[in-house]
Every structure is written in structure tokens, then in C-alpha cells.
Amino acid sequence: QVRLVESGGGLVQAGGSLRLSCAHSATILRFKTMGWYRQVPGKQRDLVAAITGDGSTNYADSVKGRFTISRDNAKNTVYLQMNSLKPEDTAVYYCNAKDFWLQWGQGTQVTVSS
């Protein structure tokens, strides 16, 4: 079975930093584009960052210059480094393959206080 397990969220003050981790169990995902998504209750889930199998990255305009997505394929892990956090970044953060979604994990809550 393929699992996606997000971790690293928490409560931080505006301007602070967090690093999220997404551990997956499928070697094939090393060659696929992976993304970080976030969702606020009552709103759609938005893609905030993506990384291809060879390391090319893309970001939503709202997080450019503040967030960095990376991956360590030897550890089957995708990371999201979040700096200069703002209250509007508050959401549940999820990871998944970008082009073919697996079953969503539980996500990790990020709360940024003003």
C-alpha cells in the first residue's frame, strides 16, 4: 500500500519558519512530480508548490520568494521550507503526486499568529 504522511506543522508567529516533510512509500514517486497543497475550511485545495523528478520547481504567486520545495529521493521524502510566514498561510498542508492523486493523507496543520 502507498501512504503519504505529512509532518512538521505547528503554531508559529508571523515572520517565523517551519519545514514540512512528506514521507511516501513508493519508489516510483521518485520519478514523478510531487506537490504541496493547502486547504482552509470552506475553500478549495490549492497547489502551492511542485517539484519534478529531476528537481525543477514551480510556486504559486502567493508563496514565491518565501517557500522552497525540495526532495530527497534516497529517503522518499519531499520537503517544504516555509519562511516569512504570514497569517494567511494558515491552513492544513497536504502532499500528493501532481498528475495522478493517491489517497490523501491526514495533512499537517500550520497556524500563523499575528
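Using a distance-only test at 3.5 Å, with no hydrogens or angles considered, a donor-acceptor pair links the side chain of T108 to the main chain of G9. For S25 (side chain) and R3 (main-chain N/O), a donor-acceptor pair under 3.5 Å exists by modelled atom type. Not a single donor-acceptor pair under 3.5 Å links the side chain of E6 to the backbone N or O of Y93. Under the 3.5 Å distance criterion, the side-chain polar atoms of N96 are matched with a main-chain donor or acceptor of L102. Proximity of a side-chain donor or acceptor of R71 to a complementary backbone N or O of D54 within less than 3.5 Å is not detected. Side chain of T77 to backbone of K75: a donor-acceptor contact under 3.5 angstrom is found. Between the side chain of T52 and the main chain of T33, no donor-acceptor pair closer than 3.5 Å is present.
Salt bridge absent: D89 and K86 never bring a charged side-chain N and a carboxylate O closer than 4.0 Å.
Rounding to the nearest 0.5 angstrom, the gap separating the CD atom in Q106 from the OG atom in S7 is 13.0 Å. Distance NZ/K98 to CE/M34: 12.5 Å, rounded to 0.5 Å. For the atom pair OG (S56) and CD1 (I51), the distance works out to 8.0 Å, reported to the nearest 0.5 Å. Separating the CG atom in D46 from the OG atom in S62 is a distance of 7.5 Å, to the nearest 0.5 Å. Note that the OG1 atom of T68 and the CE atom of M82 stand 11.0 Å from one another [nearest 0.5 Å].
Residues C95 and L4 meet the side-chain proximity criterion, which asks for heavy atoms closer than 4.5 Å. Considering only heavy atoms from C-beta on, V48 stays 4.5 Å or farther from Y37 through its side chain. Counting heavy atoms from C-beta outward, R45 and W104 have side chains that approach closer than 4.5 Å. Side-chain contact check for L20 versus V110: some heavy-atom pair is nearer than 4.5 Å.
Looking at every heavy atom in both residues, L29 comes nearest to A97 through CD2-CB, 4.3 Å.
Within a 6.0 Å radius of CZ in R30, other residues, nucleotides and ligands contribute more than 12 heavy atoms. Few gaps surround CD on E88; more than 12 heavy atoms of other groups in view lie less than 6.0 Å from it.
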Steps toward side chain to side chain contact (heavy atoms under 4.5 Å, CB included) verdict (L47, N58): CA-CA 10 Å; L47 179 69; N58 283 290; over 6 Å; no
Candidate pair L80 and R19, rule side chain to side chain contact (heavy atoms under 4.5 Å, CB included), full reasoning: CA-CA 6 Å; L80 186 68; R19 190 174 80 155; over 6 Å; no
Residues L18, L85; criterion side chain to side chain contact (heavy atoms under 4.5 Å, CB included); working and verdict: CA-CA 8 Å; L18 287 171; L85 283 162; 4.2 Å; yes
Trace of the side chain to side chain contact (heavy atoms under 4.5 Å, CB included) decision for V112 with Q13: CA-CA 5 Å; V112 185; Q13 293 182 321; over 6 Å; no
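The side-chain tip of R38 does not point at the ring of Y94 from less than 6.0 angstrom away and within 45° of straight on.
With 3.5 Å as the limit, one finds a donor-acceptor pair spanning the side chains of S17 and N83.
In terms of hydrophobic clustering, with Ile, Leu, Val, Met, Phe, Trp and Tyr side chains grouped at heavy-atom distances under 4.5 Å, W101 and V92 are assigned to a common cluster.
Aromatic pair W36/F67: ring centres not closer than 6.0 Å.
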